[in-house]
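Taking it in order: structure first as structure tokens, then the write-up.
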Amino acid sequence: MALDPHRLVARSLGRSWRQRPARMAAAIAAGIGGVLLTTAMLLISASVLDAIKGASISGIRDEVVAVEARAPGGMSRELVDRTERETGVKGSRALVISTRAATGADHTTDPVIVFGVDQALGGLTDKRLADRISGTKLAGDEVFLSADWAGDHGVRKGDTVRVTSPHGVQRWRVAELLDGQVANRGAMVIAPLPTVATAFDRGTHSDVLLLDPGHRGRSAVVAAAEKAVDGAADVKHPGDLLSGYSKTFRTSLTILGMFAAIAVLTAAVVLFLTWRLALDDARATLARLRLMGVRTGHLMAGSAMVMVPLLLGTYVIGAALGIWVGSLLGSFTRQITDLTQQAVTPGLPWQWPVAGAFAAAVVMFLAAWLSGVRRFTRITPIEAVTGRDRTAMTPGGIRRPLIAGLATLAVGAALVALGGEMITSASLVFLFIGAALLSVVLPVVAGALLRKGEPGPVRLAVGRQLQLGWRRNAALSITFTVAVVTSLAMAGTAGSIKDEVAGSVERWTQGELFVQAAKVGQNLQNEKFPLTMEQELRQVDGVDAVTPFTYAGVGLHGRKVQVWNWGESDADRTTDLKVAKGRRDFITTLGTDEIVISSNYARTQDLTVGDTLELPLPTGHRTVRVASVLEDSASDGGMIVAGTRLYQELTASQGVYEYYVGVRDGADVHAVRAALEKKLADRYPRAEVLSRTGMRDAFAGITARLVSSFEAFAWVMFVLAVLVGGATLASGLVERQRGLALLRLTGATRKAVNRQLAGESLVIAGCSWIVALPVGCLAIPGMLDAQAGQSGLLPGITVPTLLSVASLPLVVVCMLLALAVAGPRRANPPLRALLAQE
């Protein structure tokens with residue numbers, strides 16, 4: 001029958017693996033681990049990006065033209081009127097507010113986006129929403145909620161929802177529940193435009209203007225709108241509303257992206273190496289079939305009949321575990337979105353991560369499968385059966401890869417030492433390639449050195465095996481090298497950023513107490529105090545100085561850039577800002593056409609003192625000049641400092657994010673703090689008063705948790721290396737059963753054989769560490785430079801000393817543990833048993 005050769009290959013291959021299950025154990029363990037790591041990392045990245053993308057209102061018709069304000073104060077009424085007049089379209093105006101809402105008797109609050117809309121919105125949505133929105137006229141204290149969100153929180157039509165605002169808690173009645181999530185995963189409140197404007201001090205300004213082109217045509221309305229807004233707004237598709245939020249917190253997203261790429265590449269290499277080794281282990285069986293007349297096509301089809309089901313099985317298990325692990329790390333996702341100060345709500349978009357993991361697994365499987373079968377066809381079958389196709393790598397054979405590895409590593413080190421900004425990051429490519437080459441070659445070099453002189457039997461056997469089994473050792477050494485390099489590089493990168501941010505925070509936290517509307521890291525951008533609160537705080541006994549601080553996001557270069565403002569009162573008492581260039585007294589002297597920029601913003605935008613940029617305002621735009629460069633790294637991606645008059649014009653608001661409080665000499669700080677808390681308790685239940693130490697610790701805690709998350713990912717990869725190492729060792733021991741039995745037959749004791757196996761493992765571990773330690777440290781500046789292009793942060797290098805010192809013992813312990821799990825005793829059956837199997 002035509003299928004007989006295919007079936008013969010499949011049955012022979014399956015029987016071979018059933019008799020020696022360690023072969024498949026290695027491939028299955030690596031397959032599950034690789035898919036798990038890939039799926040988990042892609043899921044975390046997708047959750048963050050999907051949360052930010054999902055903030056805007058869905059259901060707006062595609063032909064509608066959206067005009068989104070760049071200034072945090074929105075667009076003035078005059079600007080909106082002019083846009084409607086020049087486009088010839090009467091639009092729908094909206095406000096977009098990030099805050100928190102509570103339901104029922106529970107004091108727990110959830111981040112939500114409040115949309116203040118007018119009645120014209122219903123005419124711009126699809127029929128599903130239009131019927132509800134247009135059919136229900138909202139009273140001043142009534143709102144729409146998403147039915148999904150309301151159901152999760154036990155809210156029904158007619159219930160009350162409490163929303164936090166600068167004027168205290170607003171209590172609004174639920175007039176209607178809208179089908180579906182509508183916006184922001186359902187975490188949204190739709191209220192009348194005047195109600196929201198009053199509650200959040202927005203006056204007559206609007207954040208969004210929606211225009212229905214009608215018979216005029218969309219392109220004509222877009223062109224007229226772009227001319228009318230005069231740089232104060234972006235004209236875009238309604239699905240792109242709030243897209244600037246995706247670039248608000250660049251450092252974490254950039255590092256997360258880099259780490260996801262490294263994780264996927266590492267998992268792909270592990271998958272390729274282990275699947276290829278699984279085929280190599282079946283070399284003798286497949287070669288015998290070739291002697292019987294089986295052709296290459298039969299080998300490919302027959303091996304696929306066995307390997308494809310194993311691939312699919314490992315993928316299903318790995319993907320399921322990856323989704324589970326990624327969901328357990330949801331706190332990390334929530335933390336990143338909280339730190340954007342936006343009320344975006346993460347979901348669990350598992351579809352794309354699962355598809356991405358499947359694509360990576362299939363590509364690596366195909367590469368291993370095709371290259372493995374091709375190698376079989378290039379070897380004389382009888383040599384594959386006898387094992388003569390496997391030769392030890394000689395000193396002459398390692399010369400070229402050794403020289404190539406050293407040269408590549410030298411190029412990477414030179415780029416680190418001499419390269420400038422955005423050039424140092426290119427060193428990562430050379431460092432990783434050099435590390436991979438050297439981790440393959442060094443165990444062979446060590447094996448050759450061990451055989452020099454007059455070695456004893458154990459030393460001679462170790463050296464020979466390191467040279468003979470270099471392909472299998474390569475899978476093990478590369479896996480451990482990449483794990484250690486990644487752990488050191490990620491820990492060093494995160495630690496360097498943490499230290500730099502801590503220095504910046506220390507400079508602007510010189511006050512004794514800090515009054516915030518909510519906890520650090522949970523205070524959303526629109527949760528603010530009124531400006532009048534400053535005088536109330538000054539009346540508290542023991543208060544000597546009060547400095548208001550606030551910030552907002554302005555749309556520049558397609559993303560949200562933070563604009564900071566310190567009030568002019570007592571700033572020299574409560575801050576110790578460091579100016580790198582320009583005027584030092586900028587807080588009290590900045591005019592309405594001047595700004596100060598942070599050092600990281602100057603770096604990303606290539607600006608310095610005297611340069612100008614176009615700043616969007618609610619009424620249009622203005623050319624402003626850079627007066628100073630402030631040494632600061634606490635703002636992600638950089639920030640702009642505006643004087644009080646320009647800031648209030650930019651934001652159209654006088655709300656205050658935070659008050660720095662100086663305590664009079666001799667006054668009891670704890671008593672002053674208690675008095676401040678008592679004053680705030682009734683009107684601002686989420687407000688918090690922090691000491692200087694508490695404030696710094698809070699920021700340190702945020703960055704530390706972020707660092708811990710990245711370090712945890714690095715250790716996940718290390719654990720994966722241990723699992724793959726154990727499976728690879730087990731597979732190798734089974735493959736060497738005959739050789740070890742012959743060694744026993746010549747008089748070697750079981751103890752001597754175990755010493756040989758332990759020696760091989762220790763040499764591989766030592767070689768991996770010798771390569772990984774310097775490469776991991778050299779990779780830190782490259783990774784810092786790679787993320788600096790987005791965040792602007794280029795801190796001093798912090799080498800993770802503890803991890804560097806502990807990495808060698810950890811690698812050694814993990815190798816010995818993997819060896820113990822592999823079970824050397826089970827790999828030493830009597831020689832007669834092996835002959836019986838043949």
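What's counted below: heavy atoms across the whole structure, side chains too, no hydrogens, waters or symmetry copies. All residue numbers refer to positions in the sequence shown, counting from 1. Bear in mind the structure is a predicted one, so any value in this text is a computation, not a measurement.
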For the [atom1] atom of [X] and the [atom2] atom of [Y], what is their distance to the nearest 0.5 Å?
{"X": "Ile497", "Y": "Thr798", "atom1": "CD1", "atom2": "OG1", "value": "10.0 Å"}
{"X": "Arg603", "Y": "Thr608", "atom1": "CZ", "atom2": "OG1", "value": "12.0 Å"}
{"X": "Leu431", "Y": "Met783", "atom1": "CG", "atom2": "CE", "value": "11.5 Å"}
{"X": "Ile764", "Y": "Ile478", "atom1": "CD1", "atom2": "CD1", "value": "11.5 Å"}
{"X": "Leu778", "Y": "Leu428", "atom1": "CG", "atom2": "CG", "value": "10.0 Å"}
{"X": "Thr481", "Y": "Leu773", "atom1": "OG1", "atom2": "CG", "value": "11.5 Å"}

Can you give me the closest heavy-atom contact between [X] and [Y], atom names plus distance?
{"X": "Val416", "Y": "Thr424", "answer": "CA-CG2, 4.0 Å"}
{"X": "Gly492", "Y": "Ser496", "answer": "O-OG, 2.7 Å"}
{"X": "Pro774", "Y": "Trp769", "answer": "CD-O, 4.3 Å"}
{"X": "Ser598", "Y": "Gly638", "answer": "OG-CA, 3.4 Å"}
{"X": "Leu488", "Y": "Ala772", "answer": "CD1-O, 3.9 Å"}
{"X": "Pro443", "Y": "Leu438", "answer": "CD-O, 4.3 Å"}

Side chains of [X] and [Y]: closer than 4.5 Å at any heavy-atom pair?
{"X": "Pro401", "Y": "Val440", "result": "no"}
{"X": "Cys777", "Y": "Ile797", "result": "no"}
{"X": "Leu409", "Y": "Val775", "result": "yes"}

Report yes or no: does Ser425 contribute a side-chain atom to a donor-acceptor pair with the main-chain N or O of Gly782 at less than 3.5 Å?
->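 Not a single qualifying donor-acceptor pair exists.
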Say whether, by atom type as modelled, one donor and one acceptor occur between the side chain of Ser439 and the main chain of Ser768 under 3.5 angstrom.
->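 Checked: no pair found.
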Check the pair Trp324, Thr39 against side chain to side chain contact (heavy atoms under 4.5 Å, CB included), reporting the backbone distance first and the verdict last.
-> CA-CA 10 Å; Trp324 176 64; Thr39 306; over 6 Å; no
Carefully, step by step, assess Leu312 and Phe358 under the rule side chain to side chain contact (heavy atoms under 4.5 Å, CB included).
-> CA-CA 9 Å; Leu312 296 176; Phe358 181 74; 4.1 Å; yes
